[in-house]
Amino acid sequence: MSKGAKVVLGVAMVGAMAVGGYVLVRRFRQKMVVVDDTVHALQDQLDELDPVSRAAVVAKLTSDEARHLRPHRS
C-alpha cells in the first residue's frame with residue numbers, strides 16, 4: 001500500500017470516527033431531553049398533590065425502586 005493511500009485511509013477513518021461520535025452525542029442529547037421532559041411532567045403531577053398524598057406516592061416510588069435494585073435471594 002502506498003503512503004498516499006495510507007494517508008487517505010487514515011483520514012477516512014478519523015472522519016468516520018468523528019461522524020460516529022457526533023451521532024452518539026446527538027442521540028444522547030435527544031434522550032436527555034426526553035428524560036428531562038418526563039421528570040418535569042412527574043414533578044408537576046407531584047406538585048399538584050396534597051402533602052399527605054405526595055408523601056405516600058414518594059414513599060411508594062422509593063420502595064418500588066429499592067425492591068427493584070436489591071438482588072433477588074433464593
Spatial distance of atom CD (Glu65) from atom CZ (Arg70) [nearest 0.5 Å]: 11.0 Å
Separation between CE of Met13 and NZ of Lys6, rounded to the nearest 0.5 Å: 14.5 Å
Positive for side-chain contact (heavy atoms from CB on, under 4.5 Å) with His40, one of Asp37, Asp44, Thr38: Asp44
Test item: Thr62 side-chain N/O and Val58 main-chain N/O as donor-acceptor pair under 3.5 Å: yes
Residues Asp50, Arg54: salt bridge by 4.0 Å N-O rule: no
Show me the side-chain donor-acceptor pairs of residues 17-36 shorter than 3.5 Å, one per line, residues at least two apart or across chains.
{"residue": "Tyr22", "atom": "OH", "partner": "Arg26", "partner atom": "NH1", "Å": "3.0"}

